[in-house]
*Asks:* 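Encoded as structure tokens, here's the structure I'll be asking about.
From a predicted model like this one, the values you see are computed outputs, not experimental measurements. Side chains are part of it too, since the values below use all heavy atoms of this structure and drop only hydrogens, waters and symmetry mates. Read the numbers this way: they start at 1 and go in the same order the structure lists the ligands and their atoms.
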Amino acid sequence: MNSKTVIVGGGFAGRQACRALRKTDTEILLFDPRNTTVMLPALPDLAGGWLDERFLFQSLDTLLPPTVRHIRKTVTSIDLDTKTLTAGDETVAFDTLLIAAGSVTDFHGFDQHRDRMYHLDSLETARHIRDDFGSYLLQNTAPHVVMAGGGYTGLELAASLFYRAQASGKPCRVTVIDPGKEILPFLPEEKRSYIKRFLEGTGITVFPETRVTGFDGKNVTTGDQTFENVFFCWAGGSTFAVPEIKGCVERLRDGRLKVNPDLSLPNYPDVFAAGDSAAFEQNGQMLRKAINFAWYEGKCAGKNIARRLRGEQTKPFRPFDAGWVIPLHSDSVGQLFSRIWIRGKPGLRLHYFMCGFRNTCFANFAGFARIAAKLFKKEGPL
Ligand SMILES: Cc1cc2nc3c(=O)[nH]c(=O)nc-3n(C[C@H](O)[C@H](O)[C@H](O)COP(=O)(O)OP(=O)(O)OC[C@H]3O[C@@H](n4cnc5c(N)ncnc54)[C@H](O)[C@@H]3O)c2cc1C
């Protein structure tokens, strides 16, 4: 072996890259502090206690090709000019690099009593919500969830907790606060109205053009209003997962690295990015953060690294948008192949089927296939 390839992140993109590189003559190091995969789209359901957490993960090391060395460390800094990265007290040099570290919750600098607020970007944070929400419901006579952020994560979590409270016999007020004029602004008006009607029908209230200005560990303030004794969740967006990138790179506001058509970084032909770490432009628009794109970008980046190592021309990434679904526990809105709209139970079934399909073992697939067939019972967990 005469070269070293480092992959940062063993999520959907990183794992596909490892597979694509398995037959190359390069030393492959994968940096990821976790030793499990995580089916992130099912986190809102786990947080609401609706499904068995075993369906969401599998040991990462059992999925990696034997030629990959997994180093369970978090990368804190990448220096593109010196071709080194830092993980803990270690500095590692690389010849080629794939950045596929996903994203983490963006608190936008809001750090008042962060230890008392909940967020949702990992298995651990979902378990934390599930366990604490149960006790919160038991201890409070007038429970109230306040969700900062009306994007898909905020709304999915709001719906999951709303129905959990109802199923526990402790109906709960749920308020979603969002600084934008509209929730889900990328949706056409008709579809947004459908979601609004669903939320109003259940009793989930949305306050648009409102910001959380204070949190004292129990009470949330939004300028002129205070909500007392709430279960406060932050779902205000996501940001880049590696704290520091040194080098001449162009980035989006959420930290994503702009990439060339072959997923390499401009100015750095030996450095690639994929999944939530990459900002890939198609027809003048950035691809959204989604599993499908992460999966195929990881595969394409891995193949291009292999081509680069063999001295061959790299190939451009050609994304195919199969669609998306926003699952809201008992309803949904989605779009297939950029043209067919879908909603209600068919959308939910498709979402859970895809969670199984993009999973890593038959048992997990079977678990999600069962959910897709039966959906959730109102009374409680499966
Ligand atoms: C609540 C929620 C719901 C979602 N719902 C959907 C959905 O319905 N459909 C859909 O398509 N997408 C959905 N997404 C988005 C989707 O999950 C992501 O786009 C996808 O997981 C990105 O894949 P990735 O490989 O880039 O990152 P990930 O799959 O997140 O993997 C990143 C890996 O990098 C590791 N890592 C992080 N930081 C570091 C570091 N500094 N050093 C080393 N390793 C690091 C992590 O441990 C992780 O294993 C959802 C996301 C969330 C959070």
Side-chain angles (χ1 to χ4, degrees), residues 6-18 29-48 56-57 60 63-64 70-78 85-88 92 97-106 119-126 129 149 151-158 160 233 235 237-245 254-257 273-280 287-299 301 321-328 332-334 347-348 350-355 357-358 360:
V6 172
I7 297 173
V8 183
F12 294 96
R15 291 199 302 275
Q16 289 306 310
C18 287
L29 302 186
L30 170 70
F31 279 87
D32 195 316
R34 316 184 55 88
N35 190 28
T36 57
T37 62
V38 189
M39 182 46 65
L40 292 167
L43 290 183
D45 303 305
L46 179 62
L56 269 74
F57 63 88
L60 179 57
L63 299 171
L64 296 174
H70 179 191
I71 299 172
R72 288 187 62 179
K73 286 187 177 174
T74 301
V75 172
T76 48
S77 174
I78 300 174
L85 57 77
T86 309
V92 177
L97 173 71
L98 172 65
I99 305 171
S103 33
V104 289
T105 300
D106 189 352
H119 64 283
L120 188 66
D121 56 9
S122 64
L123 208 53
E124 295 73 23
T125 54
I129 295 176
Y152 66 80
T153 299
L155 296 181
E156 289 174 23
L157 181 57
S160 178
C233 304
S238 60
T239 189
F240 201 73
V242 179
E244 185 179 45
I245 303 279
D254 64 6
R256 277 184 285 171
L257 297 161
D276 285 6
S277 300
F280 185 91
L287 291 187
R288 62 181 183 279
K289 293 180 179 179
I291 287 181
N292 204 40
F293 296 133
W295 186 283
Y296 290 106
E297 283 178 5
K299 193 170 174 182
D321 194 352
W324 50 268
V325 174
I326 300 173
L328 296 166
S332 70
V333 164
L348 289 174
L350 182 66
H351 171 77
Y352 293 113
F353 178 79
M354 287 312 292
C355 286
F357 182 66
R358 286 282 181 237
T360 43

*Asks:* Can you find a heavy atom in the side chain of Ile291 that is under 4.5 Å from one in the side chain of Pro41?
*Replies:*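 Yes, at least one pair of side-chain atoms sits under 4.5 Å.
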
*Asks:* Which distance, rounded to the nearest 0.5 Å, do you find between the OG1 of Thr239 and the CZ of Arg256?
*Replies:*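 Rounded to the nearest 0.5 Å, the OG1-CZ separation comes out at 10.0 Å.
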
*Asks:* Quick check on contacts: which atoms of ligand 1 are under 4.0 angstrom from a heavy atom of His351?
*Replies:* 8 (O)

*Asks:* Should Gly275 be counted as touching ligand 1, given the test is an N or O pair under 3.5 Å?
*Replies:*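 No.
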
*Asks:* Looking at Ile99, Val75, Leu85, Leu30, which one forms a side-chain contact (heavy atoms from CB on, under 4.5 Å) with Val6?
*Replies:* Leu85

*Asks:* Knowing that exactly one of Leu43, Thr105, Leu40 qualifies, which makes a side-chain contact (heavy atoms from CB on, under 4.5 Å) with Asp121?
*Replies:*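 Filter result, single survivor: Thr105.
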
*Asks:* Measure the shortest side-chain to side-chain distance between Val8 and Leu97 over non-hydrogen atoms and say whether it is less than 4.5 angstrom.
*Replies:* yes

*Asks:* Does the N or O separation between Val75 and ligand 1 drop below 3.5 Å for any pair?
*Replies:*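 Looking only at distances, the answer is yes, because the N/O contact criterion of under 3.5 Å is met.
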
*Asks:* Would you mind telling me if ligand 1 is within reach of the side chain of Tyr152, the backbone, both or neither, using heavy atoms under 4.0 Å?
*Replies:* side chain

*Asks:* Which residue and atom name correspond to the protein heavy atom nearest atom 39 (C) of ligand 1, and how close is it?
*Replies:*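 Ranking protein heavy atoms by distance from atom 39 (C) of ligand 1, first comes Ala101 CB, 3.8 Å.
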
*Asks:* Nearest protein heavy atom to atom 25 (O) of ligand 1, by residue and atom, and its distance?
*Replies:* Ala13 N, 2.9 Å

*Asks:* Show me which atoms of ligand 1 lie under 4.0 Å from any heavy atom of Pro33.
*Replies:* 43 (C), 44 (N), 45 (C)

*Asks:* From the options Asp276, Leu40, Ile291, select the one whose nearest heavy atom is closest to atom 30 (O) of ligand 1.
*Replies:*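 Minimum heavy-atom distance to atom 30 (O) of ligand 1 goes to Leu40.
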
*Asks:* Are Asp254 and Asp106 close enough that some pair of their side-chain heavy atoms sits under 4.5 Å apart?
*Replies:* no

*Asks:* Just distances here: any N/O of Leu120 and N/O of ligand 1 closer than 3.5 Å?
*Replies:* no

*Asks:* Give the contacting part of Pro327 toward ligand 1: side chain, backbone, both or neither, where contact means a heavy-atom distance below 4.0 Å.
*Replies:*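 Neither part.
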
*Asks:* Is the shortest heavy-atom distance from the side chain of Asp276 to the side chain of Phe293 under 4.5 Å?
*Replies:*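 Contact flag for Asp276/Phe293 side chains = no.
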
*Asks:* Using a strict cut-off of 4.0 Å, indicate which atoms of ligand 1 neighbour a heavy atom of Arg34.
*Replies:*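 What qualifies from ligand 1 is 47 (O), 49 (O).
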
*Asks:* Could you tell me which atoms of ligand 1, counted from 1 in the order shown, lie closer than 4.0 angstrom to a heavy atom of Ala100?
*Replies:* 32 (C), 34 (O)

*Asks:* Within the structure, does Thr74 bring an N/O atom to less than 3.5 angstrom of an N/O atom in ligand 1?
*Replies:*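 The answer is no, given that Thr74 and ligand 1 share no N or O pair closer than 3.5 Å.
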
*Asks:* Give yes or no for whether the N/O distance cutoff of 3.5 Å, strictly under, is met between Pro44 and ligand 1.
*Replies:* no

*Asks:* Mind checking whether Ala294 contacts ligand 1 via backbone (N, CA, C, O), side chain (CB onward), both or neither, at a 4.0 Å heavy-atom cut-off?
*Replies:*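 Side chain only.
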
*Asks:* Among protein heavy atoms, which sits nearest to atom 13 (C) of ligand 1, and what does the distance come to when rounded to 0.1 Å?
*Replies:* Pro41 CG, 3.8 Å

*Asks:* Answer whether the closest heavy-atom distance between the side chains of Asn35 and Arg72 falls below 4.5 Å.
*Replies:* yes

*Asks:* Check whether any side-chain heavy atom of His70 sits under 4.5 Å from a side-chain heavy atom of Leu64, and report yes or no.
*Replies:*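 Touching, per the 4.5 Å side-chain cut-off.
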
*Asks:* In terms of residue, atom name and distance, what is the protein heavy atom nearest to atom 29 (O) of ligand 1?
*Replies:*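 Closest protein heavy atom to atom 29 (O) of ligand 1: Phe12 CD1, 3.2 Å.
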
*Asks:* Report the C-alpha separation of Asp321 and Arg288 in whole Å, then their side-chain angles, then the decisive distance to 0.1 Å, and conclude whether the salt bridge (charged side-chain N to carboxylate O under 4.0 Å, His left out) test is met.
*Replies:* CA-CA 10 Å; Asp321 194 352; Arg288 62 181 183 279; 2.8 Å; yes

*Asks:* Does the side chain of Ser103 come within less than 4.5 Å of Lys289's, by heavy atoms?
*Replies:*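 Side-chain contact under 4.5 Å: yes.
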
*Asks:* Does ligand 1 have any atom that is closer than 4.0 Å to a heavy atom of Met354?
*Replies:*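 Contact check Met354 vs ligand 1: negative.
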
*Asks:* Which residue holds the protein heavy atom closest to atom 31 (O) of ligand 1, what is that atom called, and what is the gap in Å?
*Replies:* Gly11 CA, 3.2 Å

*Asks:* Please name the residue in the list Ile7, Thr74, Val92, Val242 that meets the side-chain contact (heavy atoms from CB on, under 4.5 Å) test with Phe31.
*Replies:*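 Answer to the side-chain contact (heavy atoms from CB on, under 4.5 Å) test with Phe31 among Ile7, Thr74, Val92, Val242: Val92.
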
*Asks:* Please could you name the atoms of ligand 1 that Val8 approaches to less than 4.0 Å, counting only its heavy atoms?
*Replies:*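 In order of number, 42 (N), 43 (C).
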
*Asks:* Does some side-chain heavy atom of Glu156 sit less than 4.5 Å from a side-chain heavy atom of Pro327?
*Replies:*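 Side chain of Pro327 against side chain of Glu156, heavy atoms only: contact under 4.5 Å found.
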
*Asks:* Report the nearest protein non-hydrogen atom to atom 27 (O) of ligand 1: residue, atom name, distance rounded to 0.1 Å.
*Replies:* Gly102 CA, 3.2 Å

*Asks:* At a non-hydrogen distance cut-off of under 4.0 Å, which region of Asp32 contacts ligand 1 (side chain, backbone, both, or neither)?
*Replies:* both

*Asks:* Walk me through it: do Trp295 and Arg358 pass the test side-chain contact (heavy atoms from CB on, under 4.5 Å)?
*Replies:* CA-CA 9 Å; Trp295 186 283; Arg358 286 282 181 237; 3.5 Å; yes

*Asks:* What protein heavy atom sits nearest atom 43 (C) of ligand 1, and how far away is it?
*Replies:*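 Sorting protein heavy atoms by distance from atom 43 (C) of ligand 1 puts Phe31 O, 3.4 Å first.
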
